[in-house]
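Have a look at the structure below before the remarks.
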2 protein chains.
Amino acid sequence: MNDPTVPPAKTPPARRPARISEQLKDLIVEQGLQPGDRLPREQELMDQFKASKNTVREALGALQAQGLVRSRTGPGGGNFVSAQDEDRAMELLGNYFFFQQPRIGDIYALRKMLEPELVATLAGQLTEADFQRLNATIRLYDHKPQNKVEEYRQRLAELDFHAVLAELCPNRVLGFVCGFLQNLLRNLSICKRIYDKPNPELRESGFHYQVKLLSVLNDGDGEAARKIMFDHMCAAQEYMEACEAELATDFLRISSRG
Amino acid sequence: MNDPTVPPAKTPPARRPARISEQLKDLIVEQGLQPGDRLPREQELMDQFKASKNTVREALGALQAQGLVRSRTGPGGGNFVSAQDEDRAMELLGNYFFFQQPRIGDIYALRKMLEPELVATLAGQLTEADFQRLNATIRLYDHKPQNKVEEYRQRLAELDFHAVLAELCPNRVLGFVCGFLQNLLRNLSICKRIYDKPNPELRESGFHYQVKLLSVLNDGDGEAARKIMFDHMCAAQEYMEACEAELATDFLRISSRG
DNA sequence: AGATATTTGTTCGTATGTATT
DNA sequence: TAATACATACGAACAAATATC
């Protein structure tokens with residue numbers, strides 16, 4: 001009686017704006033539109049789909065939220081196909097793991113496989129500019145932090161170093177997945193708590209790993225780079241999982257609902 | 001001259017609905033809302049954000065497009081927080097690689113690392129029901145195809161087998177990434193052409209691999225499973241890349257624009 | 001079974017802002 | 001500077017869906 005509230009309709013028939021979004025995507029595929037190309041004017045879309053201005057706008061808004069469309073005002077303005085940028089893609093992806101946060105070990109299981117391979121492919125491929133960029137990131141934590149704020153920034157900068165490496169990877173799938181895993185880590189609520197804990201040794205050991213890594217990358221020694229990164233990942237995982245366990249015993253359970 | 005002090009508005013100041021979407025997400029985080037929980041009514045949101053109904057609805061529409069919100073009409077209805085399902089997440093992610101299609105080799109570089117590990121973790125963990133599901137998938141291509149349609153279906157079923165394995169993986173991050181790579185392959189335009197080509201040996205060899213794989217999984221022999229999957233991946237990559245090269249020479253360039 | 005209240009869904013018309021020409 | 005073409009936002013009204021009495 002009190003529990004038949006379950007929606008009987010498995011597929012709540014897609015709303016109109018959602019359907020129009022789909023049709024617009026089809027349009028892009030069929031006409032082979034490329035980033036920068038213009039979509040029909042809003043008025044034309046209204047006519048074509050026999051929908052009101054607001055409905056069309058809602059459909060366009062959804063595509064904008066997905067990063068597939070950008071709009072400009074003024075004459076010659078309109079809605080334009082756009083390549084989704086990586087940040088947007090990661091943000092959307094992050095939503096999926098929002099309500100089912102993975103374990104630290106789950107993430108590191110992948111990082112241990114992928115990041116060593118990533119740096120191996122990078123060996124001997126980096127330009128002077130790339131090295132400068134990496135060094136600039138490292139410099140943010142080549143010294144002891146002066147206060148808690150700087151400490152936290154250093155922890156994030158450490159992840160940034162990995163992010164730059166991922167960005168430089170010519171295999172964009174590999175680079176993207178690595179970046180995604182780092183992003184996942186960044187946003188994991190348990191990690192936010194872990195990152196708040198001071199940890200001097202970790203900074204120093206991380207710094208050491210990365211200096212060594214840059215050195216062998218410069219030499220073009222892929223195998224050495226692979227090994228350094230793997231060891232680094234193992235050390236990081238061990239530390240993070242220890243923190244995870246510790247936090248788990250500290251707060252037996254924190255629920256935001258009474 | 002060409003470098004005026006004003007940063008040329010890198011970010012075309014986010015539109016209002018987009019900002020409201022962000023704020024709604026923050027609301028979900030702050031209040032610790034879970035899937036199934038209700039958002040404020042549209043009227044309340046209009047008051048709270050001092051925005052018109054259309055604007056609020058556009059913001060909600062964006063969240064719906066991201067699979068984060070579902071809505072129901074009627075009394076007791078409203079907009080509800082929802083967990084993004086995997087399919088939706090993959091679809092959104094696929095948009096990112098839509099305009100920068102990776103090479104076959106890029107994808108297989110990851111599959112060769114991840115899928116062997118995936119089946120290794122599955123060894124000895126599968127239930128009778130799991131095996132039945134996997135066997136049912138295999139059965140779709142345990143015989144020679146009668147016609148082109150069945151041939152194509154068999155090629156997709158082969159990917160489905162891998163998808164089921166990914167789904168069964170307790171490490172959801174690993175499972176998701178593997179599923180994503182398969183999805184990427186499915187949607188790659190070059191793959192669609194490759195899959196159209198008849199290839200009797202590939203079906204047979206794939207079938208053989210998978211029967212053997214199920215056998216060692218049943219024995220709980222993770223190492224054997226890892227090796228079988230790795231060999232399978234290498235063989236598949238070799239075949240796909242050969243096709244890729246062949247197609248590249250066939251059509252020097254096909255552009256959809258005159 | 002039917003009327004009604006509640007809440008989202010769709011549309012129209014209009015006013016405003018902004019960039020190009 | 002002014003005109004123009006376009007997106008952006010608002011408000012009011014009406015339609016559809018659905019739970020409750």
Side-chain angles (χ1 to χ4, degrees), chain A residues 1-24 36-82, chain B residues 4 6-24 27 33 36-82:
Chain A
M1 301 280 185
N2 46 0
D3 205 16
T5 55
V6 232
K10 204 64 174 175
T11 327
R15 289 178 49 240
R16 192 118 121 86
R19 286 203 307 271
I20 294 183
S21 287
E22 287 306 314
Q23 290 178 273
L24 281 174
D37 288 353
R38 239 189 87 153
L39 260 45
R41 278 185 253 292
E42 291 194 350
Q43 185 59 54
E44 295 176 55
L45 294 176
M46 290 165 61
D47 297 344
Q48 185 172 341
F49 294 115
K50 297 209 194 335
S52 79
K53 184 162 203 143
N54 285 313
T55 306
V56 168
R57 283 188 57 70
E58 202 177 319
L60 286 168
L63 293 179
Q64 288 191 47
Q66 293 172 48
L68 272 166
V69 161
R70 287 165 175 275
S71 59
R72 285 204 307 272
T73 63
N79 289 280
F80 296 84
V81 176
S82 159
Chain B
V6 193
K10 210 44 173 189
T11 328
R15 290 176 50 236
R16 192 115 124 85
R19 286 204 306 271
I20 294 181
S21 287
E22 287 306 312
Q23 289 177 273
L24 283 174
L27 191 82
L33 297 185
D37 288 353
R38 241 190 76 158
L39 260 45
R41 278 183 258 292
E42 291 188 354
Q43 184 59 54
E44 295 177 56
L45 294 176
M46 289 165 62
D47 298 343
Q48 186 172 341
F49 294 115
K50 297 206 192 336
S52 77
K53 175 160 186 149
N54 283 316
T55 306
V56 167
R57 283 188 57 72
E58 202 176 321
L60 286 168
L63 294 180
Q64 288 192 45
Q66 293 172 49
L68 235 63
V69 161
R70 287 165 174 273
S71 60
R72 287 205 304 271
T73 62
N79 289 280
F80 296 84
V81 177
S82 159

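Since this is a predicted model, take the numbers as computed values, not measurements. Labels below follow one simple rule: chain letters A, B, ... track the order of the sequence lines, proteins then strands, and each chain is numbered from 1.
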Taking all non-hydrogen atoms of both residues, which atom of B:Q64 and which atom of B:S71 are closest, and how far apart?
NE2-OG, 3.5 Å
Restricting to non-hydrogen atoms, name the atom on B:S21 and the atom on B:A62 that form the minimum distance, rounded to 0.1 Å.
OG-CB, 3.7 Å
Separation of atom CE in B:M46 from atom P in D:dG11, rounded to whole Å:
7 Å
With distance as the sole criterion, is a donor-acceptor pair present between the side chains of B:E58 and B:N54 under 3.5 Å?
no
Measure from CG on B:L60 to C1' on C:dT10 and round the result to the nearest Å.
15 Å
Of all heavy-atom pairs linking B:R16 and B:F49, the shortest is NH1-O, 3.4 Å
Looking only at non-hydrogen atoms, find the nearest pair between A:Q66 and B:A65 and report the distance.
NE2-CB, 3.7 Å
Under-3.5 Å N/O pairs linking protein and nucleotides 3-9 of chain D:
{"from": "D:dC6", "atom 1": "OP1", "to": "A:R41", "atom 2": "NH1", "distance (Å)": "2.9"}
{"from": "D:dT8", "atom 1": "OP1", "to": "A:S71", "atom 2": "OG", "distance (Å)": "2.9"}
{"from": "D:dT8", "atom 1": "OP2", "to": "A:R57", "atom 2": "NH1", "distance (Å)": "3.1"}
{"from": "D:dA9", "atom 1": "OP1", "to": "B:R16", "atom 2": "N", "distance (Å)": "3.0"}

